[in-house]
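Report on the structure given below.
Chain letters run A, B, ... following the sequence lines, proteins first and then strands; every chain starts at 1. From a predicted model like this one, the values you see are computed outputs, not experimental measurements.
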Protein chains: 2
Amino acid sequence: MAEDKEVTIYDIAKHLNLSAATVSRGLKGSSLINKNTRKKIQDAAKALGYRSNTFASNLRSKQSLTLGVLTPRLNSHFVSAALAGMEDVASKEGYRLIISQSLEEVEKEKLNAQNMFNNRVDGLLVSLAANTESLEHFEPFFNRRIPVVFFDRVANHPDSISVVIDNYTAAYNVTKHLIEQGCTRIMHLGGNLLRNVYSDRLRGFKDALKEHDLPLPAKFHQVSNLSSEAGTQAAEWILSLPPDKRPDAVFSANDTAAVFCMLRLKAAGIKIPEQIAFAGFNNDPISLVIEPNLTTVDYSGYNIGQTAAKNLINHLKGVIDIFMTDAISLRAELIVRASSMRKTSDVRREK
Amino acid sequence: MAEDKEVTIYDIAKHLNLSAATVSRGLKGSSLINKNTRKKIQDAAKALGYRSNTFASNLRSKQSLTLGVLTPRLNSHFVSAALAGMEDVASKEGYRLIISQSLEEVEKEKLNAQNMFNNRVDGLLVSLAANTESLEHFEPFFNRRIPVVFFDRVANHPDSISVVIDNYTAAYNVTKHLIEQGCTRIMHLGGNLLRNVYSDRLRGFKDALKEHDLPLPAKFHQVSNLSSEAGTQAAEWILSLPPDKRPDAVFSANDTAAVFCMLRLKAAGIKIPEQIAFAGFNNDPISLVIEPNLTTVDYSGYNIGQTAAKNLINHLKGVIDIFMTDAISLRAELIVRASSMRKTSDVRREK
DNA sequence: TTGTAAGCGTTATCAT
DNA sequence: ATGATAACGCTTACAA
């Protein structure tokens, strides 16, 4: 049945000797319409090969049923998990998802935001680029009360809400765990401090040290993009130190840097965790492949995505008022694995 | 400047004492319009805080500048890379991306397809669910000549085009490489044969064996979902065999199964590659973490995504006619790493 | 180079 | 419970 002309509600109306208005209502299952006519309308629609015109509907009703997603990059384990969670929720609630990536560049982020604005998304889900400092490009949304939900890499703004994990506490717990394993010279591989995820983790790390009266030797906090190369470089730096000046533990703000740091150190004959214990962050698949398996923080992008989308949609539906809340913090769990198990007496193990 | 009423082209027209038509043209930079008026119009638009209404424009012009993407699941390394490549191309060409996932279920895929159809996407990018058998749900697109580009997990249809890698040849080359390394009892961990990616790899594998007069012992081809659990199970099965009945090489249709199979075998004291050589497929990040590093096939989701999107958009722009082509096959490269290097004389190495 | 006017397919408002 | 009619904001023949 290859239709060539678009079938409109008028065609259905004519077909059934009804008005377009009735058809429109019937199609949406409005309770104003007689149950029988409703059925007739829906049957006719199917028979005629009708498909609703989203544009006309959006134009008239002034809502798009579309959420815009701004991400730093699409090809990241965390982002794709978050997207999956968002899609799960959104599709169930009848919302579409338009996606974009800034490639960590604030300029592209601005463009993407503008695009989303022109596309009249009903709401925005945002994880910020590495170098975003101001939120000016979101002002159009704030001004028009288009709800903005930041997730993971967030920023504070009274007209928005954040969905995060408690990075501070998670990092604090990781560090405390390393200390409990007897580590006293703990090094931290951190990310760009503009982003809450990394600055919070650093704070948690430092506070745990302070609380246990441990020093933070010079250069034991290094900032990088936490790539695999950065991990390898950190290892080179450690190897360049005289053995007694080396850290006895490394806490990396992501798993990638931790794992590639470990690989390089292992190749140099360093024993993990005996000589240097390791902990990462994210619970990436690679953390279960490296030997010894990497202690890390489980960090469910899927959950964060679901939560962010659900809150946004609930707000749009008027079920809750997002603007009352400042931030939603999800549980993050320390997963202790062999890379940090120095005391055999400590029997905490995964699962 | 918090606007509350939407600014339309009529507002700009009134402001400048022009007609709406002129403003519409000026906004698009039409060469019909005087350069000065064009500038005036664009300045006024900015000053008044105008944003174009995509719906009205789409409604009138009957194109959405939107591409729909159907994926099996968003949280997969390959899919997210492909999406990144698509976004890269699409955003440069002024197209938006609406995404969806079938979660490997044909029923959800059907729903998603219908949704995309109602949303009047200009074109479709599709990677099929595991259990999709018929293409009926794409008929509406075929009938209306809405271009459909399959990528990675493809199907044949005269009104569509496929973007793939040459899975057959890649698998053939992997197998040949293992044979050249002296392996004679090669096992294959494969995926669902409904999908070209897995059936083609199996064919390549079998043909390479045949060509070298090697047998395929019973149960040396196993079908699974290629998850980490499936990899572990394959290892258990191998260990359950008497040592002289075990394979001396495993070629897995993805890296995940290969890596987790290796981990289990290593834990049982099997030497890799000496006792069992390994090769995977995908060049996932984990392939560089496992020790020894995994021989695999580099399989750029990013490239596939870019190519698929570029061809689709070129077709939409009338630059090329997609329907003339059947399939585009991208280069896939065998990356030999330590997991399959049995002959020290063989100096082929990565990079 | 600019203007006029019709129409894209819905939904909202007001009637009936 | 249904109908008539006017928007929604833009594009595009056609006219000037």
- Note on the structure: Against the side chain of A:N34, the closest entry in D:dT2, C:dT10, C:dG3 is D:dT2

- Task: Starting at atom CG of A:L32, determine the distance to atom P of D:dG3, rounded to an integer number of angstrom.
- Result: 13 Å

- Task: Return yes if the base of C:dT11 and the side-chain atoms of A:R60 contain a donor-acceptor N/O pair under 3.5 Å, otherwise no.
- Result: yes

- Who pairs with A:E104 by side chain to side chain donor-acceptor pair (under 3.5 Å), at least two apart in sequence or on another chain? A:R153

- Query: How long is the line joining CD1 of A:I9 and P of D:dT5, in whole Å?
  - Reply: 15 Å

- Query: What integer distance in Å separates A:Q63:CD from C:dA12:P?
  - Reply: 9 Å

- Task: Calculate, to the nearest 0.5 Å, the distance between atoms CG and CG belonging to A:N156 and A:N196 respectively.
- Result: 8.5 Å

- Item | Closest to side chain of A:S19, choosing from D:dA4, D:dT11, D:dG9 | D:dA4

- Query: With respect to the side chain of A:Y10, which nucleotide from C:dT10, C:dC8, D:dT12 is positioned closest?
  - Reply: C:dT10

- Whole angstrom value for the distance that separates C1' of D:dT5 from CG of A:L18: 17 Å

- Task: Please determine, for the side chain of A:A21, which listed nucleotide (D:dG3, C:dT10, D:dG9) has the closest atom?
- Result: D:dG3

- Is the distance from OP1 or OP2 of C:dT11 to the nearest side-chain N or O of A:S61 less than 4.0 Å? no

- Query: For the side chain of B:R25, counting heavy atoms from C-beta on, which of C:dC14, C:dG3, C:dT2 is nearest?
  - Reply: C:dG3

- Query: Given side chains that start at C-beta, do those of B:I99 and B:L83 come closer than 4.5 Å, heavy atoms only?
  - Reply: yes

- Message: Take a 6.0 Å sphere around CD of B:Q114 and say whether it holds more than 12 heavy atoms from other residues, nucleotides or ligands.
- Response: no

- Task: Consider the side chain of B:I33, meaning its heavy atoms from C-beta on, and name the nucleotide among C:dG9, C:dT2, D:dT11 that approaches it most closely.
- Result: C:dT2

